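Notes follow once the structure below has been shown.
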Amino acid sequence: MKSAFSSIILIAFCILFSSSTVLAGAEEGLQCPPGWTNNKAALGNDLIKQCIAPTQDAFIELYAAPGAAMQLNRLLDVWVNAMNQKGMPFQQFLSEVPGNVSGEPALTRGYLGTASNGIPFESSLVACRHNGVNYIFQALYKSGDHQLKRLARQSMNEWFFPDIAYGNNTPYSQPQDAAPPANCCFAYGLWNITNTAGAGSSGGVSAVILPDSKLWINNRTYTWACKDSRTISVGLPASMGYSDTWTINADRTLMTGKRVGKGTRIAVRQRWNYTYKGVTANACRQ
């Protein structure tokens with residue numbers, strides 16, 4: 001898994017910055033999580049730090065390249081577009097929050113997607129600029145593995161510039177979530193997804209939402225993530241016409257979904273407790 005990801009990442013970064021300069025000492029500001037491999041053999045082409053999880057299904061990387069200043073949101077747009085063209089799992093945008101690295105303005109985004117081998121991944125990206133150098137921090141981790149997510153985000157939040165006094169480093173300006181919030185459990189179980197009145201033809205399709213961040217429709221797996229205490233986001237392809245965000249009602253028996261240009265759809269609960277492919281979902285009722 002990692003070797004394929006690495007080659008894609010290196011190609012994309014060369015396209016973005018076209019520089020081979022490695023800045024001495026900058027990598028010291030990013031620490032590998034405990035037990036992760038500091039893979040120095042992969043360095044070069046603007047990659048100055050790479051840490052790989054022992055399980056080989058998560059990594060963090062730091063890239064640095066001198067170049068013209070670019071708005072941070074534009075920098076991330078270019079990066080993500082290049083990643084998607086190469087098949088990286090950045091299909092669904094989840095969040096964007098401002099922050100800083102050692103006081104320098106930074107922008108952090110979260111994404112959800114499925115790799116070419118069908119495995120769902122989450123990712124965190126941070127763009128920052130310091131002393132004429134463009135930096136991108138990138139972390140990918142298997143969706144649903146909250147320990148990997150916690151370790152990757154901890155390294156992200158502790159990243160700093162060695163030539164600035166350590167401290168005040170908040171690339172991700174919201175609290176880290178070591179595990180899904182308990183209120184995410186409202187989404188678990190068996191649902192029937194259908195159009196609302198006036199949104200198209202009636203009927204429906206069964207969907208299973210499981211605690212491992214997987215959503216199954218017609219024996220195909222997709223991904224989902226908890227956005228807040230009442231809303232989830234789902235990683236369904238646009239061609240399916242289903243909604244990207246779903247909001248639960250008061251008694252947790254119905255979710256309303258919306259996707260721009262695709263109308264409104266509803267998901268009606270069929271089962272609170274459901275076991276699918278060996279994973280049991282026990283939805284919370286309050």
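All of these numbers come straight from a predicted model, not from anything done at the bench.
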With sequence neighbours excluded, tell me which residues meet side chain to side chain donor-acceptor pair (under 3.5 Å) with Thr55.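 For Thr55, the residues satisfying side chain to side chain donor-acceptor pair (under 3.5 Å) (neighbours in sequence not counted) are Asp57.
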The criterion is side chain to side chain donor-acceptor pair (under 3.5 Å); which residues satisfy it with Asn39, sequence neighbours excluded?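 Asn39: side chain to side chain donor-acceptor pair (under 3.5 Å) contacts with Gln50.
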For the [atom1] atom of [X] and the [atom2] atom of [Y], what is their distance to the nearest 0.5 Å?
X	Y	atom1	atom2	value
Asn282	Leu210	CG	CG	10.5 Å
Thr231	Phe186	OG1	CZ	6.5 Å
Gln31	Asn38	CD	CG	9.0 Å
Asn273	Tyr188	CG	OH	12.5 Å
Ile209	Ile232	CD1	CD1	4.0 Å
Phe160	Asn100	CZ	CG	14.0 Å

Can you name the closest pair of heavy atoms from [X] and [Y] and give their distance?
X	Y	result
Ile48	Ala64	CD1-CB, 3.8 Å
Phe121	Pro89	CB-CG, 3.8 Å
Leu47	Ala42	CD2-O, 3.5 Å
Asn134	Ala68	ND2-O, 3.4 Å
Ala127	Leu72	O-CD1, 3.7 Å
Ala65	Val133	N-CG1, 3.5 Å

Does a donor on one side chain and an acceptor on the other come within less than 3.5 Å for Ser124 and Tyr141?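 A pair is found: one side chain offers a donor N or O, the other an acceptor, under 3.5 Å apart.
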Min side-chain heavy-atom separation [X]-[Y] under 4.5 Å:
X	Y	result
Thr108	Leu125	no
Phe161	Val101	yes
Arg271	Trp191	no
Asn249	Arg269	no
Val208	Leu215	no
Trp79	Ile136	yes
Arg252	Trp272	yes
Val126	Trp159	yes

Would the distance check show the side chain of Lys49 and the main-chain N or O of Leu30 forming a donor-acceptor pair, the cut-off being under 3.5 Å?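 Here the side-chain-to-backbone pair exists.
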Could you tell me whether the side chain of Glu158 and the main chain of Met156 form a donor-acceptor pair under 3.5 Å?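 Here the side-chain-to-backbone pair does not exist.
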Candidate pair Leu76 and Arg74, rule side-chain contact (heavy atoms from CB on, under 4.5 Å), full reasoning: CA-CA 5 Å; Leu76 288 177; Arg74 174 57 180 161; over 6 Å; no
I'd like to check the ring-ring contact (aromatic ring centres under 6.0 Å, His included) partners of Phe90; sequence neighbours left out, ordered by chain and number.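 In terms of ring-ring contact (aromatic ring centres under 6.0 Å, His included), with neighbours along the sequence ignored, Phe90 is linked to Tyr111.
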Quick test of your reading: applying salt bridge (Lys or Arg N to Asp or Glu O under 4.0 Å), list the pairs with at least one residue in residues 104-117, sequence neighbours left out, ordered by first then second residue.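 Qualifying pairs: Asp77-Arg109, Glu96-Arg109.
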Enumerate the salt bridge (Lys or Arg N to Asp or Glu O under 4.0 Å) contacts for residues 122-140, please, sequence neighbours excluded, ordered by first and then second residue.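 The answer is Glu122-Lys149.
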Quick test of your reading: applying disulfide (SG to SG under 2.5 Å), list the pairs with at least one residue in residues 36-150, sequence neighbours left out, ordered by first then second residue.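 Output for this query lists Cys32-Cys51.
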Please determine whether side-chain contact (heavy atoms from CB on, under 4.5 Å) holds for the pair Asn192 and Ile266, giving the CA-CA distance in whole Å, both sets of side-chain angles, and the decisive distance to 0.1 Å. CA-CA 8 Å; Asn192 183 65; Ile266 61 172; over 6 Å; no
